[in-house]
Structure formats: structure tokens, C-alpha cells
> 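Sharing a structure with you now.
The model shown is predicted, which means the values in this text are computed figures rather than measured ones.
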Amino acid sequence: MAKPIFGMNPSLDGYVDHGAFAPDPQLYRHFIERVSGVAGSVYGRRMHEVMRYWDEDEPSWGAAERDFAIAWRKQPKWVVSRSLKSVGPNATWVQEGLEALVRRLKDSART
């Protein structure tokens, strides 16, 4: 049986400005290892929209950003949303609801 793991990355004050946050290469390495070590990620609409930033290379990226983007792109993603119509590469749009999705993913890991 697959083991679901909940992860969250809030700031200490509860506010995250993804446009102003710039991790150092060591922190990127930590997240590259985390992303590479999981079977996939389940997102809601808003977080998936934030993470779509990694779908396309940016000229300003250094090696750490490029390595993270590669790891993130390889990972399967399931996006639970009633309002989205598409979710981009290597992602599956899920309309059945979060509980049904998690049960289905756990069941599929048993076989």
C-alpha cells in the first residue's frame, strides 16, 4: 500500500511571496531530493497554478533552479479542481474529489 505524505511549505508568518522568495542552492538541493523521492504529487488548483512556473525554463535560472524544474517535470501530478479545464504536461485533471483520488492511488499502488 502506498503511504500518502502531506507536505506544506508555509513561511513563518503564514505568508509566502513566491515572486520574492529565492532559496539558496543548498535548499534547492533539499527540495530536488524530496521531489525525486516521491511517486507523485496531488495539488489543488491554486497551488498547481503556482507550481506551473516550473513548466518552462527561464533564462535567469541558475543550475539549481534548472535541476529542480527537471525533477518537478518528471514527477506525475494529479490536480483536484472543479474549475480547471486543463492542467499542463505530466499532470492529470481530477474531478472526482480528493478522497476518491487518494483511495484510487493507494489501491493502484497495491497491485
> Mark yes when over 12 heavy atoms from residues, nucleotides or ligands other than Gln26 sit less than 6.0 Å from its CD; otherwise mark no.
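Not buried by this count: 12 neighbours or fewer within 6.0 Å.
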> Quick one: side chains of residues 30-40, donor-acceptor pairs under 3.5 Å with protein atoms, not counting sequence neighbours, listed by atom name and distance.
unit_1 : atom_1 : unit_2 : atom_2 : d
Ser36  : OG     : Ile32  : O      : 2.8

> Can you tell me how far CG of Leu98 sits from CZ of Arg103, rounded to the nearest 0.5 angstrom?
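Here the interatomic distance stands at 10.5 Å.
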> Quick one: side chains of residues 43-50, donor-acceptor pairs under 3.5 Å with protein atoms, not counting sequence neighbours, listed by atom name and distance.
unit_1 : atom_1 : unit_2 : atom_2 : d
Tyr43  : OH     : Trp72  : NE1    : 3.0
Arg45  : NH1    : Glu49  : OE1    : 3.2
His48  : NE2    : Val87  : O      : 2.8

> Between Leu27 and Asp24, which heavy-atom pair has the shortest distance, and what is it?
N-OD1, 2.8 Å
> To the nearest 0.5 Å, how far apart are CD1 in Ile70 and CG in Asp57?
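The CD1 atom of Ile70 sits 7.5 Å away from the CG atom of Asp57.
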> With a 4.5 Å heavy-atom cut-off, do Val79 and Thr92 have their side chains touching?
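Not in contact.
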> What pair of heavy atoms forms the shortest contact from Lys77 to Pro89, and how long is it?
CE-O, 4.2 Å
> What is the ring orientation for Tyr28 with Trp54, classed by angle as parallel under 30°, tilted 30 to 60°, or perpendicular over 60°?
perpendicular
> More than 12 non-hydrogen atoms from neighbouring residues, nucleotides or ligands closer than 6.0 Å to CD on Glu56, yes or no?
no
> Can Arg104 and Asp107 be counted as an ion pair, charged N to O under 4.0 angstrom?
no
> List the steps, then state whether side chain to side chain contact (heavy atoms under 4.5 Å, CB included) holds for Asn90 with Arg73.
CA-CA 7 Å; Asn90 205 19; Arg73 289 173 193 158; 6.0 Å; no
> What's the spacing between Trp93 CH2 and Ser81 OG if we round to 0.5 Å?
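So the gap between those two atoms works out to 7.0 Å.
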> I'd like to check Arg29 versus Phe68 (side-chain heavy atoms, cut-off strictly below 4.5 Å). Are they in contact?
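The answer is no, as the side chains (C-beta and beyond) never meet within the 4.5 Å cut-off.
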